[in-house]
Protein chains: 2
Amino acid sequence: MRVLVVEDETLLAEQVKNHLMQQQFSVDLSHDGSDGFFKISEYPYDLAIVDIGLPKLDGLSLIRKARQQDIKTPIILLTARGSWQEKVQGLDAGADDYLTKPFHMEELLARCNALIRRAAGQPDPTLSAGPVSLNSRTQQVWCHGAEVPLTAYEYKVLEYFMLNPTKVISKTELTEHIYDQDFDLDSNVIEVFVLRLRKKLDPDGELKPIETLRGRGYRFNLAVGA
Amino acid sequence: MRVLVVEDETLLAEQVKNHLMQQQFSVDLSHDGSDGFFKISEYPYDLAIVDIGLPKLDGLSLIRKARQQDIKTPIILLTARGSWQEKVQGLDAGADDYLTKPFHMEELLARCNALIRRAAGQPDPTLSAGPVSLNSRTQQVWCHGAEVPLTAYEYKVLEYFMLNPTKVISKTELTEHIYDQDFDLDSNVIEVFVLRLRKKLDPDGELKPIETLRGRGYRFNLAVGA
DNA sequence: GAAATGCCATGCGCGTGCTGGTTGTTGAAG
DNA sequence: CTTCAACAACCAGCACGCGCATGGCATTTC
């Protein structure tokens, strides 16, 4: 999956790039609108993330020009907080989704995946792994068919696990994906949430869905799709 | 007003969706004929826009099957340029209007509005969920058969809930769909409306139609169509 | 002018996220 | 094999803040 990020704030652009690369995307960066337009015309990206305020050529114009050229790459528009008109203009110009800055990286990744899924014609918001299934639209979780009520953070942790099954996930990685920024490093919140998740999902200790890898992190060990 | 768009060209479908949403319609998309038929049979749409060339089940067959099942949803058929016979066949199959591609978006919107207005004298477009039912034309709401008087904003909130049953809806999402421009974010209006809705719909606290998810939003939890 | 509706301000209760401490487990070194 | 330190699991309690509830004010409508 190849993604183009058109963003002039270098720091933010790099952050977005890093997170996307963690999800196995190939990422190209562009720091102004005209370069972004050139790239999106040249390459068949699977997705583009475009800031609305850009040097040389603003995001809206970029999208309009691209759509005029019949470029169908799904586009997520990044807008400033609260400017509702911009969002409408963006969708009108041909963006597929928008996100207001500042945003949670999780949110962006979720929308990226949703958009890619939508483009692939698979609008299925449910993940399942073993007896556990999760619906990201309703944020409901079931285990053996029974609904398991989770709190907001418990849900976030589980969702991240199920999006990355069998992958070794360090506590810092979890933290970074669950909190926007600024978090206390010497805290055991993650451990507590993992504990509660294990209790709620697997009260009898049969499944062992979350494996501990000492000094490295956790691994979610249920066969996806089962 | 709820509209179904059955169109396999994703870009066009999204454009239509965006424009309709700007006119305060709720829009569902369907990318092939059989899915479109399923949706139009399931939900009481106020209008459907159907492309004639579709995968799995073509537009004409879709319309015929729907009409055979006594589904009266007004339908606009999208045909290719110049194929005069198709238009006749379409109207013959039960379409209410047609439009040849490519078309101006304004034209489509005008015809949508005309058709909805024309259909205003037709069977009631009611949504129902559990003991609650809602007529989007007259903006009346009933619970257990008794009419529940709602104010304008209470109605808007309920309508949005009933159009998105079981979906987690954040307060900002509600705000964006209910108000035309952006709004003071640190206001508790939404909470107040939800409170009043709960009181009016469920004074005894039996149904619990609107669930609160702390830090996340609300979820409307009544089975649609029940 | 009265009634209805939308919005704001305030207080309160409680769920939830987080902290601190203790117990348990692992693995490496002696 | 034993020891010990480091790490994780677990527990329980605290406090912050979210959402509920209420009353009052402003604005609109008839």
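Note that these values count all heavy atoms, side chains included, but never hydrogens, waters or copies made by symmetry. Since this is a predicted model, take the numbers as computed values, not measurements. Order of the sequence lines sets the chain letters (A, B, ...), proteins ahead of strands, with each chain counted from 1.
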Without decimals, in angstroms, what is the distance between [X] [atom1] and [N] [atom2]?
X: A/L150; N: C/dG15; atom1: CG; atom2: C1'; result: 15 Å
X: A/K208; N: C/dT25; atom1: NZ; atom2: P; result: 11 Å
X: A/I190; N: C/dG17; atom1: CD1; atom2: P; result: 12 Å
X: A/E154; N: C/dT16; atom1: CD; atom2: P; result: 8 Å
X: A/F193; N: C/dG15; atom1: CZ; atom2: P; result: 17 Å
X: B/R198; N: D/dA21; atom1: CZ; atom2: P; result: 7 Å
X: A/L195; N: C/dG24; atom1: CG; atom2: C1'; result: 13 Å
X: B/E211; N: D/dG19; atom1: CD; atom2: P; result: 13 Å

Between [Y] and [X], does any NZ, NE, NH1 or NH2 come within less than 4.0 Å of an OD or OE carboxylate oxygen?
X: B/D28; Y: B/K17; value: no
X: B/D46; Y: B/R2; value: no
X: A/R67; Y: A/D96; value: yes

Take B/Q140 and B/Y155 through the test side-chain hydrogen bond (donor to acceptor under 3.5 Å, both in side chains) and record every step on the way to the result.
CA-CA 8 Å; B/Q140 282 172 307; B/Y155 174 82; over 6 Å; no
Can a donor-acceptor pair be found between the side chains of A/R137 and A/T126 at a distance below 3.5 Å?
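Result is no, nothing qualifies.
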Parallel, tilted or perpendicular for A/F220 and A/F161, by the 30°/60° rule?
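Aromatic pair A/F220/A/F161 classed parallel.
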B/L213 or B/R196: which one's nearest nucleotide on DNA chain D is closer to the 5' end?
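First, find each residue's nearest nucleotide; the 5'-ward one identifies B/L213.
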Residue whose closest nucleotide on DNA chain D lies nearer the 5' end, A/Y218 versus B/R216
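By nearest-heavy-atom nucleotide position, the 5'-most residue is A/Y218.
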Any side-chain N or O of [X] less than 4.0 Å from the OP1 or OP2 oxygen of [N]?
X: B/T151; N: C/dA4; value: no
X: B/K171; N: D/dC18; value: no
X: B/T212; N: D/dC20; value: yes
X: B/K199; N: D/dA21; value: no

Spell out yes or no: do the side chain of B/N188 and the base of D/dG19 have one donor N/O and one acceptor N/O closer than 3.5 Å?
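In this structure, the two groups form no donor-acceptor pair.
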What residues, two or more places apart in sequence or in another chain, satisfy side chain to side chain contact (heavy atoms under 4.5 Å, CB included) together with B/Y153?
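With sequence neighbours excluded, B/Y153 shows a side chain to side chain contact (heavy atoms under 4.5 Å, CB included) to B/I178, B/Y179, B/F193, given in chain and number order.
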Please tell me which of the listed nucleotides, [options], lies nearest to the side chain of [X]?
X: A/E191; options: C/dG6, D/dA8, C/dC18; value: D/dA8
X: B/Y153; options: C/dG6, D/dA9, C/dG17; value: C/dG6
X: B/R214; options: C/dG13, C/dG17, C/dC7; value: C/dG13

Counting only heavy atoms not in A/K208 (residues, nucleotides, ligands), do more than 12 fall under 6.0 Å from its NZ?
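12 or below, so no.
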Any base atoms under 4.0 Å from B/V194, or only sugar-phosphate, or nothing? Heavy atoms, all strands.
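Counting heavy atoms under 4.0 Å across all strands, no contact is made by B/V194.
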Taking five pairs at each end, how big is the angle between the two axes of the helix from C/dG1-D/dC30 to C/dG30-D/dC1, to 10°?
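Rounded value for the end-axis angle: 30°.
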N/O contacts under 3.5 Å, protein versus nucleotides 26-30 of chain D?
none

Is there a donor-acceptor pair under 3.5 Å between the side chain of A/E9 and the backbone N or O of A/L11?
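The answer is no, because no donor-acceptor pair under 3.5 Å joins these two groups.
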Does some side-chain heavy atom of B/V27 sit less than 4.5 Å from a side-chain heavy atom of B/L29?
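In short, these two side chains touch, coming nearer than 4.5 Å.
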